Protein chains: 2
Amino acid sequence: MFSKACEYGIRATVQIALQSEKGLRIGLKEISNAIDSPEPFTAKILQQLAKNDIIISSKGPTGGYEMSSNQLSTIMLSDIVKTLDCDLIYTGCGLGLATCDAKNPCVLHFQFDDIREQLKKMLENTSVQQLAKSRESGDTLLRL
Amino acid sequence: MFSKACEYGIRATVQIALQSEKGLRIGLKEISNAIDSPEPFTAKILQQLAKNDIIISSKGPTGGYEMSSNQLSTIMLSDIVKTLDCDLIYTGCGLGLATCDAKNPCVLHFQFDDIREQLKKMLENTSVQQLAKSRESGDTLLRL
DNA sequence: ATAATAAAAGATAATTTTGTCCTATATTTA
DNA sequence: TAAATATAGGACAAAATTATCTTTTATTAT
Ligand code: FES
Ligand code: FES
């Protein structure tokens, strides 16, 4: 469904959100440990997220990643997915045709579009903070 | 969403269904032409579909691919998707964790599972014949 | 200022997916 | 039975994705 990059991106961002709510920064190493992801690959992804103002990165000692309270309250899953180019879900044809266009639909268009709209809604209505909260409140069963 | 193999698989099967309803076989070359797919890659996919009794292949002159009337009336998109190992959609965790388990859910599990169920339903309720019919009845706008 | 630290950036490598090629096998027609 | 045709199958190649490594840059604390 999502690319690996996107999966790591979401998991990393939730982890950052968890720390930011406590007013703490978190380093690359800690993030990779927490979400069990390859460290250098995760770094690349975090760079992209930082460039797109989804998270904030700081260099130097005491550096690391964090989210502003504004980011915490506004960033939705859709922002991460779009940034990490899983954007295809939003625009592509389900059967892989060059374009998806309701005026020139493929045989699966309307069925596919229906699912896609629901996925879109889900991503646009689910905030990172919300996911972080479900992790905090939930028992230890809620994995990252 | 789907792999290329899966996309080609669906498009090819619909094309075969279209011919089979007219009582005709269709060859690899014709299929690839019709759906604009790489010929040898498409051949591999058709082999898998034939092995899984989704289509029937015949060798030799006058050979080619077809669907039995039984296949035409029973094959659903889900059969193709499962065969071509896009099976992941059915079982995998949306965040890429090793397993997806409602008793040990990731932070996105319930939102993701909801979408997945709808996708599942769509695939299980959409027959190849139905797609072929929408192509036949529809104006030329319905692409493959 | 200097040393230590942590992310940024760019080059490189492994893996998976996608796509191609060549030979073998089965089937039909002459 | 022989020749022609079309799929099957296995080896191979290209491209994209995922993952790693090394060097640079910015920041903090001494
Ligand atoms: S044209 Fe294929 S999904 Fe829209
Ligand atoms: S555990 Fe992640 S989607 Fe079910």
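Sequence lines set the chain letters: A, B, ... in the order given, protein chains first and strands last, and positions in each chain run from 1. Bear in mind that the values here come from a model prediction, so they are computed numbers and not experimental data.
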Please determine, for the side chain of [X], which listed nucleotide ([options]) has the closest atom?
X: A:K59; options: C:dT20, C:dA6, D:dA8; result: C:dA6
X: B:P61; options: C:dT27, D:dA8, C:dA8; result: C:dT27
X: A:T62; options: D:dT28, C:dT29, C:dT18; result: D:dT28
X: A:Y65; options: C:dG19, D:dT7, C:dA8; result: C:dA8

- Message: To the nearest 0.5 Å, what is the distance between CD1 on B:I55 and CG on B:D53?
- Response: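 One gets 10.0 Å once the value is rounded to the nearest 0.5 Å.
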Can a donor-acceptor pair be found between the side chains of A:E66 and A:Q71 at a distance below 3.5 Å?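 Judged by distance alone, the side chains do not pair up.
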Will you find, in the side chains of A:R25 and A:S58, an N or O donor that is under 3.5 Å from an N or O acceptor?
->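 Indeed, the side chains of A:R25 and A:S58 share at least one donor-acceptor pair under 3.5 Å.
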Query raised in the report: Start at the 5' end of DNA chain D and walk down; is the nucleotide closest to A:E39 or to B:S57 reached first?
Result: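 Per heavy-atom nearest nucleotide, the more 5' residue is B:S57.
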Using atom [atom1] of [X] as one end and atom [atom2] of [N] as the other, report the distance to the nearest whole Å.
X: A:L49; N: C:dA7; atom1: CG; atom2: C1'; value: 14 Å
X: A:I56; N: D:dT27; atom1: CD1; atom2: P; value: 14 Å
X: B:L46; N: C:dT18; atom1: CG; atom2: C1'; value: 15 Å
X: A:I16; N: C:dA7; atom1: CD1; atom2: C1'; value: 12 Å
X: B:K44; N: D:dA8; atom1: NZ; atom2: C1'; value: 8 Å
X: A:F41; N: C:dA13; atom1: CZ; atom2: C1'; value: 14 Å
X: A:E7; N: D:dT17; atom1: CD; atom2: P; value: 14 Å
X: B:N52; N: D:dA8; atom1: CG; atom2: C1'; value: 15 Å

[X] vs [N]: side-chain N/O to OP1/OP2 distance below 4.0 Å:
X: A:Y8; N: D:dA19; result: yes
X: B:K51; N: D:dG9; result: yes
X: B:Q47; N: D:dT7; result: no

- Using a cut-off of 4.0 Å on non-hydrogen atoms, how would the nucleic acid contact of A:P40 be classed: base, sugar-phosphate, or nothing?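 Here A:P40 touches the bases of the nucleic acid.
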Open item on the list: Under the rule for side chain to side chain contact (heavy atoms under 4.5 Å, CB included), what residues qualify as partners of B:N33, not counting sequence neighbours?
Closed with: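 Not a single residue meets the side chain to side chain contact (heavy atoms under 4.5 Å, CB included) criterion with B:N33.
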Discussion item. Do the side chains of A:E136 and A:K133 get close enough for a salt bridge, i.e. N-O under 4.0 angstrom?
Written reply: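 Looking at A:E136 and A:K133, the cut-off is not met.
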message: Salt bridge check, B:E124 against B:K121: does any charged N sit closer than 4.0 Å to a carboxylate O?
response: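 No.
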Notebook entry, point to check: When the ring planes of A:F112 and B:F2 are compared, do they come out parallel, tilted or perpendicular, using 30° and 60° as the limits?
Noted result: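 It falls in the tilted class, 30° to 60°.
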Contact list please: residues 24-37 of chain A against DNA chain D, heavy atoms, distance less than 4.0 Å, in numerical order.
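Nucleic-acid contacts, sorted: none.
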